[in-house]
Number of protein chains: 2
Amino acid sequence: MSNIYKVAKLAGVSPKTAARILAGESQRSKHRQAVFDAAKELGYARNQQAANLRSGSTSVIGIIVPDINNPFYGKVIQSMHDACLKHGFSILLASSFGRPEEEARAMRTLQSYRVDGVMLNASEHPVGKESLKICRHFIEQGKPVVLSGEIEEKLPGADRVVIGNELAVSKAVRYLQSQGHERIGFIGGFEDSRAIQQRHAGYVTTLKECDLPLLDEYTIYTNGDMAQVGSKVTDTMLKLSKKVRPTAFIAGNDIIAISALKAFDKLSLKVPADVAVIGFDGIDLSEMVTPSLTTLRQPQTQIASDVVQLMVQRIKGETTIGASELHYEPELIIRDST
Amino acid sequence: MSNIYKVAKLAGVSPKTAARILAGESQRSKHRQAVFDAAKELGYARNQQAANLRSGSTSVIGIIVPDINNPFYGKVIQSMHDACLKHGFSILLASSFGRPEEEARAMRTLQSYRVDGVMLNASEHPVGKESLKICRHFIEQGKPVVLSGEIEEKLPGADRVVIGNELAVSKAVRYLQSQGHERIGFIGGFEDSRAIQQRHAGYVTTLKECDLPLLDEYTIYTNGDMAQVGSKVTDTMLKLSKKVRPTAFIAGNDIIAISALKAFDKLSLKVPADVAVIGFDGIDLSEMVTPSLTTLRQPQTQIASDVVQLMVQRIKGETTIGASELHYEPELIIRDST
DNA sequence: TTGTAGGCGTTATCAC
DNA sequence: GTGATAACGCCTACAA
């Protein structure tokens, strides 16, 4: 592999001169063309790791998500990727698989690559003890940490992204009530996700506030996969008599909502005539399913753009504002499933 | 940030001894515990960039995909990520946005990080000239390059993933014919993607072989987004009389197929009674839409696992077999949309 | 504008 | 098993 010395030698200048020209510092050096020619000739590409090692920063932001395969996180990753690109940063991606020990492994990887900042999406479980420790290391070194999701211990110095999960679901419940629904169910789905639990809390609270019936049977939880959503929903609907069964459901996320649509179709229940469904997240496909899904859309692109901007400002020392909370309220997008 | 010297000093050994113990080389050194304690005490994390710089390898595999947001590539990324993890590798992700110039930028990024190998997903367009050049650099250095998708010039030394696009669509056409369909359409959708063009070629060839009618109007192309699929499909169906319009469509991918389902629903056409639909890719959601989608499933997990295994073997020098082609035939999954 | 010296943190080499 | 020394490729500091 060629390095700056070979380029400099071929161009007949000192390494430093070559480096400066290639870094775009000396705009009108007389050796400019010679250096570029030499670099091209040798197929030179800067060794970013060596540069990082020397300069002490990487221009890389680490991102941890619970599940790369969920289209919602796909959007998160894409949005972060695009936002980083605009600021000349790259992303290093790692998955926590929604498990604390894998999260810790992922954090260690980011740490060993000395990323300049970390965006930790931890909406499925509270941030693990070891991850938390590594986060503190980052913060001590002045490296920004942005946390999206639940946390049990305090993490001073970390920025937070806060999604108004409870309020959003509250909006959904009230909307359903305004449409004449009284018996409203909640489909939690997946893995005791904290985000989904918050959404459930919003559901419970609002039902009480609105004097709507709150039965245990109205909440469906599964700890399995998408297929299980279908069977649990089916069980619930068959178990309850027509007069008691919910006429509307709020789902913990869009994937769960789409699975529920399928279950209702199999039961020959028409959506929204027999039963209404509201999802959460606003993934692209929520618009394309049939019927299109009413959902609580999270402003993913906006969030990513804000988060990256904040991180980059901190990294460059352009801001020293203390840890901030970025609040976002999901928007109720009304479509054909209600 | 602490380094190996500080750890060594605290443990009372030489840097090399500490390094060896932390790298897991000296299993029964008497200083083992002391070194681990010191590392923990100081919150030591190896600087991977320095290690890479010295050792000349990174244990990172670079992945380029056209569109992170498409659930199909989400699955690709996840599968590659998981497979890499098993072999102790990390991934560096970059998006080509389906454009040659962005692909080149992405390749330069991977190159500057000295990744040990590259998996280039280029199914949307042929690999760009500059990317190709960088690929050659990788190959010259003995770094494996795996190409999935189209390529115009030869790239000696690169492994290839070849999906039997034509054959797969051929299977789909013949299956539709066996179900009594004669007028079969093709919905290309997106961006002149090469993969979709191959699938279209399979469609054209097989229609001819089966003596089925092949009209220009039966092929729908858009160069826009998902929404455009819907409007073009609607146009086509309204333009053609009932006796001429297709009774079945093959879509270029599942996302397009799902968009088409939506369009048919809006037209009050029942799927599959009035019109059948077959997708391509087999994304998870294809099973959850209503009606569930008959599709040609690509064995993503298998492909990723094979690709990573091959790359890791090459990187470790465990194989010197010449460039190979990994062939995969999509499987026709019959569901409710046909 | 240009060049020289040195060090970032690690591992390879070669001695013991 | 252990330790001193050099080197990976680059950039910062400083000097010219």
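What's counted below: heavy atoms across the whole structure, side chains too, no hydrogens, waters or symmetry copies. Labels below follow one simple rule: chain letters A, B, ... track the order of the sequence lines, proteins then strands, and each chain is numbered from 1.
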- A:N3 CG to D:dC8 C1': how many Å, rounded? 9 Å
- How many Å lie between CZ on A:R114 and P on C:dC8, as a whole number? 14 Å
- Query: In Å, rounded to the nearest 0.5 Å, how long is the span from CG of B:L93 to CE of B:M80?
  - Reply: 10.5 Å
- Has B:N47 got a side-chain N or O lying under 4.0 Å from the OP1 or OP2 atom of C:dG9? no
- Rounded distance in Å - CD (B:Q49) to P (D:dG9): 15 Å
- Rounded to whole angstrom units, what separation is found between the CG atom of A:N52 and the C1' atom of D:dC10? 10 Å
- Would you confirm whether the ring centroid of B:F97 sits within less than 6.0 angstrom of the ring centroid of B:H125? no
- Query: Under a 4.5 Å cut-off applied to non-hydrogen side-chain atoms, are A:S123 and A:Y73 in contact?
  - Reply: yes
- Given D:dC11, is OP1 or OP2 found less than 4.0 Å from the side-chain N or O atoms of A:R46? yes
- Before accepting this row, confirm whether a basic side-chain N of the pair B:K133/B:E130 lies closer than 4.0 Å to the acidic partner's carboxylate O. no
- Message: A side-chain contact here means heavy atoms from C-beta on lying under 4.5 Å apart; do A:L85 and B:E102 qualify?
- Response: yes
- Task: For the residue pair B:I77 and B:I91, establish whether any side-chain heavy-atom pair is separated by less than 4.5 Å.
- Result: yes
- Just report the end-to-end axis angle for the helix from C:dT1-D:dA16 to C:dC16-D:dG1, five pairs per end, to 10 degrees. 30°
- Indicate, with a heavy-atom threshold strictly under 4.0 Å, whether A:L53 touches base, sugar-phosphate, or nothing. base
- Task: Round to a whole Å and report the spacing from CG of B:L22 to P of D:dG1.
- Result: 15 Å
- Judged by atom type as modelled, is there a donor-acceptor pair below 3.5 Å linking the side chain of B:D116 to the main-chain atoms of B:S57? no
- Scan nucleotides 2-7 of chain C nucleotide by nucleotide, 5' to 3', and note B when protein non-hydrogen atoms come under 4.0 Å of the base, S if they reach only the sugar-phosphate, - if neither. BBB-BB
- Message: One thing to verify: whether B:E153 and B:R136 come together as a salt bridge, which I'm taking to mean a side-chain N less than 4.0 angstrom from a carboxylate O.
- Response: yes
- Query: NZ of B:K9 versus P of C:dG9: gap in Å, rounded?
  - Reply: 14 Å
- If we only count heavy atoms from C-beta on, is the B:M107 to B:S131 side-chain gap below 4.5 Å? yes
- From the list C:dT11, C:dT10, D:dC10, which nucleotide is the closest neighbour of the side chain of B:S55? C:dT11
